[in-house]
Every structure is written in structure tokens, then in C-alpha cells.
Engineer: 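Okay, handing you the structure first.
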There are 2 protein chains.
Amino acid sequence: MRVVIAECSVDYLGRLTAHLPLATRLLMVKADGSVLVHSDGGSYKPLNWMSPPCSMAEIAPTEDETEEGVQSVWLVQHAKSEDHLRIRIHRVHHDSAHDLGIDPGLVKDGVEAQLQALLAEHIETLGTGYSLIRREYMTAIGPVDIVCRDATGMTVAVEIKRRGDIDGVEQLTRYLELLNRDPHLAPVTGVFAAQLIKPQARVLAEDRGIRCVTLDYEALKGMDDTESRLF
Amino acid sequence: MRVVIAECSVDYLGRLTAHLPLATRLLMVKADGSVLVHSDGGSYKPLNWMSPPCSMAEIAPTEDETEEGVQSVWLVQHAKSEDHLRIRIHRVHHDSAHDLGIDPGLVKDGVEAQLQALLAEHIETLGTGYSLIRREYMTAIGPVDIVCRDATGMTVAVEIKRRGDIDGVEQLTRYLELLNRDPHLAPVTGVFAAQLIKPQARVLAEDRGIRCVTLDYEALKGMDDTESRLF
DNA sequence: CACTTGATTTCGGAG
DNA sequence: CTCCGAAGTCAAGTG
């Protein structure tokens, strides 16, 4: 990886046209040729960039550019389209290269898939006497996260989200409508389970007779740990 | 902005739990306290990060951490939540700070402007025999994007949008009403051209006798490139 | 202010 | 391979 701090102006020509006036910025050139232009603020998103696959060439400035004080020009060309980035460098404050090697990558925890696995393992969290029928219960319109049975033997469809929003309720509603057409399953009730349920989603769900359950990821994981420690 | 290249491991605790094993990475500390952890690949998205508002503190490693070879620990705490990032630094390869100043920010050239230029250059996209009269045809209620003539000599007013919505149809309708009052131009027909036309807008437009044309930006640009290569 | 929508979205998984 | 949905999405516009 090459890291450059330089006074530069940037032009992007591709899906849109964008321009960055002359200012001091950080330029990051990654091993795959991709380039990131960062300012000293904002979010994690660069002001401008070129995604791989692409290649970077350092070319001589034109006469006009030289007159404007351009020292060097970086031309970053996308490999599979006409998209390109033209970085005009006026002054370099820092320039260094470093060998970082391949990154082992991020290990994520607590995403929807894990919530589903944990809830499936501890389905009694939804109430005493609940038993799991199936995870990822396939239907014509997609898989229902969890299908289980309550203490009375009634079928329950569970939709799991990290953040419970309106569209999650709509999704569960569609599943319920479909499942209730199946005489073997009907009547099927719904549970909307999420780490955080938005008030609007809760109102909509309860209005449709769907029970809302807030999932405590840490607690579920704790139950998991306790259980595994017993064996 | 501070730029550090270091062997480090990273743990994020917040909306989710994430871990980065020990490896050499670039750490960027921005003026607002936000921190970005980049590897030498991937896209513009960092492996891990903390968004502002947040604060960074360099603390002493615990005894256990020292034994594992941790030289220093960065604790990045989000100001408005419990989210935090813990960066354990094992070895520093590079560490430098730079004053970048406030960035003037990105100037985006609207896609609409480019679509207009491309369509004006390739007005025959609307049909055989079409010829351009004028771009940005001024009227009392604003400029009409494109005014042209079809094969039969009839005047055609074109409204161009990136996303064709109801209000774009309304706008074109107002122009058409005005232009049709001019005996030199009348009768004037309308074309609503957009990269994506919303169904509601299409229904409204066609109900008013306005033709809808979906613009293929890539194709138009391709025509442009082919043509310029011929000269 | 919250809500909605687009993004040079990116990223991952399933078919 | 493409298609589809989630994201610590972010960011801008709108009511």
C-alpha cells in the first residue's frame, strides 16, 4: 500500500462527473490498484475513489497543467469500463509504501443468521412449551426464518430481524397469508422477533395480531454458553 | 490527520460484534476523532471504523495484553452510544501527522445535464428523422430541456430526468401548454425521457399523449465514444 | 425533527 | 455466473 499526502485536484468521469478542487488530501493506493481520496473528516467513505479492478499510471502533466502548477498526474483507469479518475498533484507532503500482506479478514458476530440460530436453539424464549418445527421453512415466496409450535400445538411463523422495521412486518404478513392457505398448517400465528423493534413496526404488527418479541442477543448467547458448559 | 501503519488486532463492540485478527493495517485518525482501519485491498470501505462523533484515547495495555506483545491500545469511544473500537497495537511501522485543512468538498455534475448533452447529440435516438432545434429552450416559465423536430416537421418538446417521476410529467405538461399557444410552434408534442420512468408517471404521461422514452445512459455514451473515435 | 429514498452504494450468499 | 437482500449502510431531500 502506498500512502501519499498531497495538494491535489481530482476529476472523476464515469457513471457521473465529479470534481474536487485543489486541497490537501490523503491518497491511498492499494495493492490491487484501487485508489482512495480521503479528506480529514466526513465518514468512512472517501471523497472520491476507483474500485478494483483498475490500474494506476503516473503520467507527465500537459503544458497547460504544468503552467497551473501541476507536478504530476495520476490516471486511474477502471479495467472493465470507461470510468477513470484523474488526480492532478500540485505538491507532495508525504509519500511512503508499505507491505501489508493479505488480511485475514473480519469476523462478524451478532448478525441475523446468528440470531436465527440462537433463537432456534432456544425457541422456548418465545414461551413455555414452544418447540421448533424447522428453520428456513421454504415457501413459494421465500423462506420463513423459523416455523415452530406453541404449547397448544398451534403453528407459529417467526420472522427475525436485527432491526425490526415496517418492511419486516410486511414480509411476515405475506408469509402468514400464504401459510394460512395450507389446511395442514392453518391457523398460523406470527411472531416478529428483533433486537430492536421500531414503534411503527410494533403498532403495525400488533394491529395485525402479530406478537412482537425483543431479542436480547447477549442473553441468548449467554444461555448458549451456559448450556455448552454443562456438557 | 494521523496515519499509522501497524500490526494490530481490532475489536468492535456496538451494533454488532466484530473482530480482526493480528495483521498489518493502515490506521487513519481524522481530525474529528473518527478512526478507519484499512487493509491493502477490498473496496473503499474500511475493515472496521468508528464514525464521528467519537473520541480516541491511547491507553496502556493490561498485563495480559503486554504478555501477548501488545505495545499500545487505542480505545475509540462513540460519543452518543456504547459503541467502541479497541485497537491493540503490536508493532508500529509508520506514524505521521498532517494538517489537511477543511476540504472544499465534492462538486457533482448532475447526471441530468450529461443525459441532456448526450441526447441532444444523438437526437435520432427518439426516432428516425429527428433533428435538434435547441437545448435549454427558454420560455417564460423556465427552460425546456430540448426542443426538436420529428420526421414530419412537427415540433417536439423533451423533458429529461434521471428518474422520471410525476412532477417531471407535470413540468413538461406546463411547457407544452405554453408552447402550444405559440402559432409558430404549434402543434407541439411531448417526450418524457428518463433513465427510469416510474409506472405512475408513465400512466399520467401517456394519458396526456406524452410519449415516454427510457434512456440508456451507457448506450448513449457508447454511441458518443464510437463517433468520437471516427474523427 | 423524523422519515423516505438513492447510492460511482458495498458485500455476502443462494440458485 | 447473476440475482437478491442486508448493511455498524451513508447522505440528501422532503414533509
Side-chain angles (χ1 to χ4, degrees), chain A residues 10-20 32 34-37 41-54 76-78 80-85 105-116 136 138 141-143 145 159-168 170-171 194-196 198-201 204 217, chain B residues 10-20 34-39 41-52 54 76-78 80-85 105-112 114 161-167 194-196 198 217-218 221:
Chain A
V10 183
D11 285 277
Y12 168 69
L13 244 159
R15 307 200 204 171
L16 60 76
T17 308
H19 174 71
L20 281 168
D32 54 16
S34 60
V35 177
L36 281 64
V37 182
S43 65
Y44 66 68
K45 198 174 172 181
L47 291 167
N48 219 326
W49 72 93
M50 183 61 68
S51 310
C54 65
V76 189
Q77 177 70 53
H78 194 266
K80 295 188 174 180
S81 73
E82 295 302 306
D83 292 26
H84 63 270
L85 207 58
L106 191 68
V107 184
K108 278 189 188 180
D109 209 12
V111 291
E112 185 181 321
Q114 204 153 16
L115 281 173
Q116 191 193 111
E136 300 283 343
M138 273 309 299
I141 56 171
D145 287 339
E159 176 63 33
I160 299 170
K161 289 280 178 226
R162 209 165 42 77
R163 285 171 48 204
D165 233 323
I166 294 259
D167 54 352
E170 296 289 5
Q171 197 179 338
Q195 277 187 295
L196 176 83
K198 291 277 184 76
Q200 291 185 345
L204 180 66
Y217 173 72
Chain B
V10 184
D11 284 279
Y12 168 69
L13 244 158
R15 312 212 197 161
L16 61 74
T17 309
H19 174 71
L20 281 169
S34 59
V35 177
L36 281 63
V37 182
H38 269 279
S39 67
S43 68
Y44 65 69
K45 198 176 174 182
L47 290 167
N48 221 325
W49 71 95
M50 183 59 69
S51 310
C54 65
V76 189
Q77 177 70 52
H78 193 265
K80 296 188 173 179
S81 73
E82 294 303 304
D83 291 26
H84 63 270
L85 208 59
L106 191 68
V107 182
K108 279 188 189 178
D109 269 357
V111 179
E112 186 182 321
Q114 208 155 17
K161 288 279 178 229
R162 197 158 46 84
R163 285 177 49 240
D165 232 321
I166 292 262
D167 55 352
Q195 278 188 294
L196 177 83
K198 290 281 182 78
Y217 177 73
E218 293 301 323
K221 205 159 61 113

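All values reported here derive from a predicted model rather than from experimental measurement.
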Engineer: Can you measure B:E112 atom CD to C:dG6 atom P for me and round it to whole angstrom units?
Structural biologist: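 About 15 Å, once rounded to whole Å.
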Engineer: Does a side-chain heavy-atom distance below 4.5 Å link A:M50 with A:S34?
Structural biologist: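 Side chain of A:M50 against side chain of A:S34, heavy atoms only: no contact under 4.5 Å found.
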Engineer: Taking atom P of C:dA7 as reference, at what distance in whole Å does atom CZ of B:R162 sit?
Structural biologist: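 To the nearest whole Å, that distance equals 4 Å.
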Engineer: A:Y12 versus A:D83: any side-chain heavy-atom pair under 4.5 Å?
Structural biologist: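 A:Y12 reaches A:D83 side chain to side chain.
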Engineer: Roughly, in whole Å, what's the span from CD1 in A:I160 to C1' in D:dA6?
Structural biologist: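 For the pair A:I160 CD1 and D:dA6 C1', the rounded distance is 15 Å.
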Engineer: Can you tell me the distance, in whole Å, between the CG atom of A:D145 and the P atom of D:dA6?
Structural biologist: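 Taking atom P of D:dA6 as the reference, CG of A:D145 is at 9 Å.
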Engineer: How many angstroms lie between atom CD of B:Q77 and atom CD of B:E82, to the nearest 0.5 angstrom?
Structural biologist: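 It comes to 6.0 Å.
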Engineer: Over how many whole Å does the gap from A:L47 atom CG to D:dC10 atom P extend?
Structural biologist: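 Rounding to the nearest Å, CG of A:L47 and P of D:dC10 are 16 Å apart.
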Engineer: Is there side-chain contact between A:L20 and A:V37, with at least one heavy-atom pair below 4.5 Å?
Structural biologist: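 Answer yes - side chains close enough.
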Engineer: Just to be sure I understand the rule, does B:K198 reach a base, reach only the sugar-phosphate, or reach nothing, if contact means heavy atoms closer than 4.0 Å?
Structural biologist: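 If one applies the 4.0 Å heavy-atom cut-off, B:K198 turns out to touch the sugar-phosphate alone, with no base involved.
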Engineer: Nearest whole Å is fine: how far is D:dA12 P from B:L106 CG?
Structural biologist: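 In whole Å, D:dA12 P and B:L106 CG are 10 Å from each other.
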Engineer: Reckon A:M50 touches a base, only the sugar-phosphate, or nothing at all at heavy-atom distances under 4.0 Å?
Structural biologist: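 Here A:M50 touches no strand at all.
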Engineer: Mark up nucleotides 9-15 of chain C, 5' to 3', with B wherever a protein heavy atom is under 4.0 angstrom from a base atom, S wherever such an atom reaches only the sugar-phosphate, and - elsewhere.
Structural biologist: SSS----
Engineer: Under a 3.5 Å cutoff on both atom distances, Watson-Crick or G-U, what's the dot-bracket for DNA chain D ([ ] crossing, | other strand)?
Structural biologist: |||||||.|||||||
Engineer: How far does NZ of A:K161 sit from CD of A:Q116, to the nearest 0.5 angstrom?
Structural biologist: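 One gets 10.0 Å once the value is rounded to the nearest 0.5 Å.
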Engineer: Mapping A:K80 and B:H78 onto DNA chain D by nearest heavy atom, which one lands closer to the 5' end?
Structural biologist: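 Closer to the 5' end of DNA chain D: A:K80.
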Engineer: How long is the span from the CG atom in A:L115 to the CD1 atom in A:I160, to the nearest 0.5 Å?
Structural biologist: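 Going from CG on A:L115 over to CD1 on A:I160, the span is 7.0 Å.
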Engineer: Working to the nearest 0.5 angstrom, can you tell me the gap between B:L106 CG and A:L16 CG?
Structural biologist: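 Rounded to the nearest 0.5 Å, the CG-CG separation comes out at 8.0 Å.
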Engineer: Report the distance from atom CG of B:D11 to atom NE2 of B:H19, rounding to the nearest 0.5 Å.
Structural biologist: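 B:D11 atom CG to B:H19 atom NE2 measures 5.5 Å (nearest 0.5 Å).
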Engineer: Could you state the CD1-C1' distance from B:I166 to D:dT14, rounded to the nearest angstrom?
Structural biologist: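 Whole-Å distance recorded here is 17 Å.
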Engineer: Say you draw a straight line from CZ of B:R163 to CD of B:E112; how long is it, rounded to the nearest 0.5 Å?
Structural biologist: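 Taking CZ in B:R163 and CD in B:E112, the distance rounds to 12.0 Å.
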